2 protein chains.
Amino acid sequence: MTSIEKVAELAGVSTATVSRALAGKPTVAAATRARVLEAAQELGYVVSASASSLASGKTRNVGVVMPFLNRWFFGSVLKGAHRTLADAGYDLTLYHLDSEREGGATEPGDPRRTRLFEEFLQRKRVDALIAVSLEMNDAELESLRRIGKPLVGLGGPLSGVPTLSIDDVAVAKLATEHLVSLGHTRIAHVSGTSTYARDFHLPAHRREGYETALREANITADPRLVRSADFTIAGGYAVTRQLLGDPEVRATAIFAASDEMAFGAMIAARDVGRRVPEDLSVIGIDGHELCEFFGLTTIDQFPEIQGERAASTLLRELEPHTQHHAPENVSLPYELAVRKSTAVAASPA
Amino acid sequence: MTSIEKVAELAGVSTATVSRALAGKPTVAAATRARVLEAAQELGYVVSASASSLASGKTRNVGVVMPFLNRWFFGSVLKGAHRTLADAGYDLTLYHLDSEREGGATEPGDPRRTRLFEEFLQRKRVDALIAVSLEMNDAELESLRRIGKPLVGLGGPLSGVPTLSIDDVAVAKLATEHLVSLGHTRIAHVSGTSTYARDFHLPAHRREGYETALREANITADPRLVRSADFTIAGGYAVTRQLLGDPEVRATAIFAASDEMAFGAMIAARDVGRRVPEDLSVIGIDGHELCEFFGLTTIDQFPEIQGERAASTLLRELEPHTQHHAPENVSLPYELAVRKSTAVAASPA
DNA sequence: ACGACTAATGTAAGCGTTTGCGGTGGATTC
DNA sequence: GAATCCACCGCAAACGCTTACATTAGTCGT
């Protein structure tokens, strides 16, 4: 085992100096530091994480809790978070709070779920936590608070937790306005649902933005135009089939609360013989990588950047001195990306 | 801070006994153990990971290295691995070895990539490593070996590393045989490519299985029927457009090396007016969640189970005594799932 | 030339567990 | 009833670092 002592010996200094040199402390002479670095390099020495943590109280590790692991959006957030953490020398340990129905640790009360909060997150393995789109109850929130580490939420409904989120109302309004500006008046909205109905306000916000845009354009909202699905392609498809199958609806445009649902909508439209965008315009939200492929107009919300932001927010708190090239700005960016799925409304047939 | 001493005090025993009781060691009287557990519960005590690691040399943490974070397959593997690790009380720390072209740490020599191998993975934060679909050079492999921890590869071309992998040749053969059994003779193959051309033998294996199946069916292979894409929907789409646009090809079926490419193929077919499966049969590999939606026939390779297997293999090595309900079997399961995208070949037009 | 600083380094006391070793007392054996 | 054994538990020494504090050697001002 190559410990810090070996390095000290080889460099001809004390272990304290090695520690300081390797940690980049300013109180080490340049020449000494160089010698230490060289010795460490030669021995292939790397500080032991656990020893360092125990002594310093810092783990250089950040936890990320996520409800989904195999969805593009969440993977992208993870990617962004990992990149900025790694660049700062931090590790990322991942906690999956499974939110799928069957067998998943969905409901509070599920043993796996309890164990996550009561055991895994309490063992001081991380310096801080990122909670992505998490819905939890008060006991869980309390147990998060008990770990006494910086915590930032991303897009979730965590009451009392500093949370980064796009302005869902504004985003939805922008999307709807895009359709309005193209002359559409029969605009349907494929809204989202949560796995369990708690106060997951994202769908509500987006619906609010949709309705606001309509109101401002003096278009009367028609409840038959609004349907909910589960954020997936299949969900968007099914709902759109309903929408297009109902002779009373007569929608010329669809605003879906996620890109995946929008893809489903596009496919559904095609399956019933409606051309996109000639007969039906479709717009989504997310900036999914497949938008390019499907030609879907969307509001890009840059999920990777969201992950970066969450991470750099925490880093700034953990290392107040260091310069992180992270923007101070808390509001998350979004951007209308116009592609081929939206066009001027056809004159009423 | 509630340390082990507080618990010892409350339970009226020494810290040694608390440690043993909490660790489930057999040399603790049942009554004592109960008292300790109760005391720990009451104080909300959880063993400090770093102190425990330092003292015991075990971190109860496994590292997972992946080239992609936002692709369904990799997310699913991650999900499976996380579940079995968590059930065994292990944490999972994630390392992203970015394999996308632009800006990613693709090429060996990239500083981020080097740092991962030389620094992050060396700091003894994990007891073992899972390397998923990783391509690396000798220096990198050597540095992995230097960390001296159990290591298992999943589906990657890691020479000299115990690797779990489906039998790609057999899988491809099975897929092709399915098409053959439906009477197809002009069977195209959409093969995969790697980001950088190293010895990533998965595409080669699958092509080999394809060719073997043809040979055994006395169908002469036609090189014009084989094209490569990058495992994505867009890639599969583009290649299929070529295939169907070439009058010399006359394919009635396509075997794609991944489900995503198969989706692309289905969409391409529809875009050029070919009906699936009436005019063109399509089969993929993976068991992607969207297969159901698209009605794609595929060979399911159960990625979540692959993650589970990789994890339980390591757990067995880390805890030889414990009973893990993991199968001894090293060969990974796969299964033909027939849906609506494959049908009997139309009689030649 | 001498005291007062400052910069650089060393000394050693933790950090919170785990675990080898040894001790104690009750049960078992002859 | 002595000898032996065993089940259970406590003592205290690591584990490999970090860091407050002490120490040393220059530097500077006067």
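All chains are named by letter (A, B, ...) in the order of the sequence lines, taking the proteins before the strands, and each is independently numbered beginning at 1. Source: prediction; values computed, not measured.
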Asker: Can you establish whether the number of heavy atoms outside A:Gln41 located under 6.0 Å from its atom CD is more than 12?
Answerer: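 No.
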Asker: Apply side-chain hydrogen bond (donor to acceptor under 3.5 Å, both in side chains) to B:Thr84 and list each qualifying residue two or more places apart in sequence or on a separate chain.
Answerer: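 B:Thr84: no side-chain hydrogen bond (donor to acceptor under 3.5 Å, both in side chains) contacts found.
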Asker: Test the B:Arg71-B:Phe68 pair against the cation-pi criterion, namely NZ or CZ under 6.0 angstrom from the six-membered ring centroid and within 45° of the ring axis.
Answerer: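 That pair qualifies as a cation-pi contact.
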Asker: Taking NZ, NE, NH1 and NH2 as the nitrogens, is one of them in B:Glu319 or B:Arg60 under 4.0 Å from a carboxylate oxygen of the other?
Answerer: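 Result for this pair is yes, salt bridge flagged.
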Asker: Does this structure show an ion pair linking B:Arg113 with B:Asp98, if we count only N-O contacts that are shorter than 4.0 Å?
Answerer: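 No.
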Asker: May I ask you to check whether over 12 heavy atoms, not counting those of B:Glu5, lie within 6.0 Å of atom CD?
Answerer: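 Result for CD/B:Glu5: open.
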Asker: Tell me the bend of the helix from C:dA1-D:dT30 to C:dC30-D:dG1 as the angle between end helix axes, each from five pairs, rounded to the nearest 10 degrees.
Answerer: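 Here the helix ends are tilted 30° relative to one another.
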Asker: Would you say the side-chain atoms of B:Ser312 pair up with the backbone N or O of B:Arg309, donor to acceptor, closer than 3.5 Å?
Answerer: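 Between the backbone of B:Arg309 and the side chain of B:Ser312 there is a qualifying donor-acceptor contact (under 3.5 Å).
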Asker: Is a donor on one side and an acceptor on the other found under 3.5 Å between the side chain of B:Asn61 and the backbone of B:Arg125?
Answerer: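 Flag set: sc B:Asn61 to bb B:Arg125 pair under 3.5 Å.
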Asker: Judged by atom type as modelled, is there a donor-acceptor pair below 3.5 Å linking the side chain of B:Thr32 to the main-chain atoms of B:Val28?
Answerer: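 No, B:Thr32 side chain to B:Val28 backbone: no donor-acceptor pair under 3.5 Å.
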Asker: Quick check for you: name the first and last nucleotides of DNA chain C, 5' to 3', having an atom under 4.0 Å from a heavy atom of chain B.
Answerer: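 For DNA chain C, the relevant span reads C:dG16 to C:dG20.
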Asker: Do the side chains of B:Arg146 and B:Glu118 get close enough for a salt bridge, i.e. N-O under 4.0 angstrom?
Answerer: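 Between B:Glu118 and B:Arg146 there is a salt bridge, with a charged N closer than 4.0 Å to a carboxylate O.
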Asker: One character per nucleotide, please: for nucleotides 14-20 of chain D, 5' to 3', B when the base has a protein heavy atom closer than 4.0 Å, S when only the sugar-phosphate does, - otherwise.
Answerer: -BBBSBB
Asker: Mind checking ring pair (Phe, Tyr, Trp, His ring centres under 6.0 Å) for A:Tyr90 and listing every partner two or more places apart, or none if nothing turns up?
Answerer: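 Partners of A:Tyr90 by the ring pair (Phe, Tyr, Trp, His ring centres under 6.0 Å) criterion come out as none, since no residue qualifies.
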Asker: Where along residues 28-36 of chain A does a heavy atom fall under 4.0 Å from DNA chain C?
Answerer: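 When residues 28-36 of chain A is checked for heavy atoms under 4.0 Å from DNA chain C, the hits, listed by number, are A:Val28, A:Ala29, A:Thr32.
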